[in-house]
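Chain naming here is simple, since letters A, B, ... match the order of the sequence lines and numbering starts at 1 in each.
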Amino acid sequence: MATSFFKKDSTDIITQNLLGHELTYNSPKGIIGGLIVEAEAYMGIEDTAAHSFQGHRSSANEALYAQAGTIYIYSIYGHYMLNVATQKVNEPQGILIRALQPTHRIKIMEQNRQQKGVNLTNGPGKLMAALGINSLELNLCPLQQTPLDISNRRVKCPQKIIAAPRVNVSQGNWHDRPLRFYVANNPYVSGIKKRDCDFQTNGWQ
DNA sequence: ACATGGATTAACT
DNA sequence: GTTAATCCATGTC
């Protein structure tokens with residue numbers, strides 16, 4: 001993806017615009033990936049939920065301070081989380097990619113994760129496991145220099161985008177800001193109820 | 001964050 | 001009444 005996709009807009013707008021783009025990973029087993037159906041914006045030093053809150057900076061979150069399009073991966077409880085920096089150098093904002101609707105070589109992802117159906121990629125740790133990424137190797141790398149890529153344009157357009165508070169952000173002034181965005185009625189959105197899913201359209205136009 | 005198992009509630013024939 | 005969906009508590013790096 002071209003870095004021009006980022007920077008021109010605020011990170012929350014970029015996050016909404018990212019829904020429907022296709023994330024691909026040129027893995028040793030083949031090209032795998034899917035449509036981005038859920039993501040969260042982290043708005044930088046003002047954002048009480050951001051790793052860069054109040055300018056916090058360490059070797060672990062250095063990627064947030066890098067150029068737009070830089071990959072930021074961190075691990076928690078043995079799971080890996082995929083983020084992308086969205087602004088200019090020293091403007092530490094980013095997007096957490098939370099869920100994919102698989103489109104490429106689904107069987108490979110099923111093997112990587114030992115799961116099937118919506119469970120394959122309906123969470124930030126699950127999608128990384130499905131892709132077979134289980135290290136920090138790509139942290140700090142610009143997207144375009146890695147086997148990971150995001151399509152320049154939307155492959156599909158959401159019928160409707162829902163904005164909601166971020167997952168597991170319960171404290172701080174920003175705890176209830178609507179910075180989690182997802183494709184309404186898409187079955188691969190984390191925590192979505194079956195009764196709210198549209199299995200005909202998956203929420204796309 | 002995720003997987004699992006058990007309890008509770010909803011849906012269906 | 002049976003089956004499915006949802007909710008809740010626990011253990012895990």
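Among residues two or more places apart in sequence or in another chain, the side chain to side chain donor-acceptor pair (under 3.5 Å) test is passed with Gln144(A) by none. For Thr86(A), the side chain to side chain donor-acceptor pair (under 3.5 Å) partners at least two apart in sequence or on another chain are Thr11(A). In this view, Glu91(A) and Gln93(A) satisfy the side chain to side chain donor-acceptor pair (under 3.5 Å) rule, not counting sequence neighbours.
A heavy atom closer than 4.0 Å to some atom of DNA chain B occurs in no member of residues 185-194 of chain A.
Rounding to whole angstrom units, CG of residue Leu82(A) and P of dC2(B) are separated by 13 Å. In this structure, Leu127(A) atom CG and dC2(B) atom C1' are separated by 13 Å, rounded to whole Å.
For the atom pair OG of Ser52(A) and CD of Glu62(A), the computed distance is 11.5 Å after rounding to the nearest 0.5 Å. Considering CZ of Arg180(A) and OG1 of Thr15(A), their distance stands at 13.0 Å, rounded to 0.5 Å. Note that the CZ atom of Arg105(A) and the CD1 atom of Ile32(A) stand 8.5 Å from one another [nearest 0.5 Å].
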### Query
Under the ring-ring contact (aromatic ring centres under 6.0 Å, His included) criterion, do Tyr25(A) and His104(A) qualify, and how do the steps go?
CA-CA 10 Å; Tyr25(A) 180 51; His104(A) 286 32; over 10 Å; no
### Summary
Once base and sugar-phosphate atoms are separated, protein heavy atoms under 4.0 Å mark nucleotides 3-13 of chain B, 5' to 3', with B, S and - as S----------
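For Glu38(A) (side chain) and Phe181(A) (main-chain N/O), no donor-acceptor pair under 3.5 Å exists by modelled atom type.
Relative to the six-membered ring of Tyr42(A), Arg166(A) meets both conditions, a distance below 6.0 Å and an angle of at most 45° to the axis. Geometrically, Arg98(A) does not engage Tyr182(A) in a cation-pi contact defined by less than 6.0 Å to the ring centre and at most 45° from the axis.
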Under 3.5 Å between N/O atoms: give me all the protein pairs with nucleotides 8-13 of chain C, atom names plus distance.
| from | atom 1 | to | atom 2 | distance (Å) |
| --- | --- | --- | --- | --- |
| dC13(C) | N4 | Tyr77(A) | OH | 3.4 |

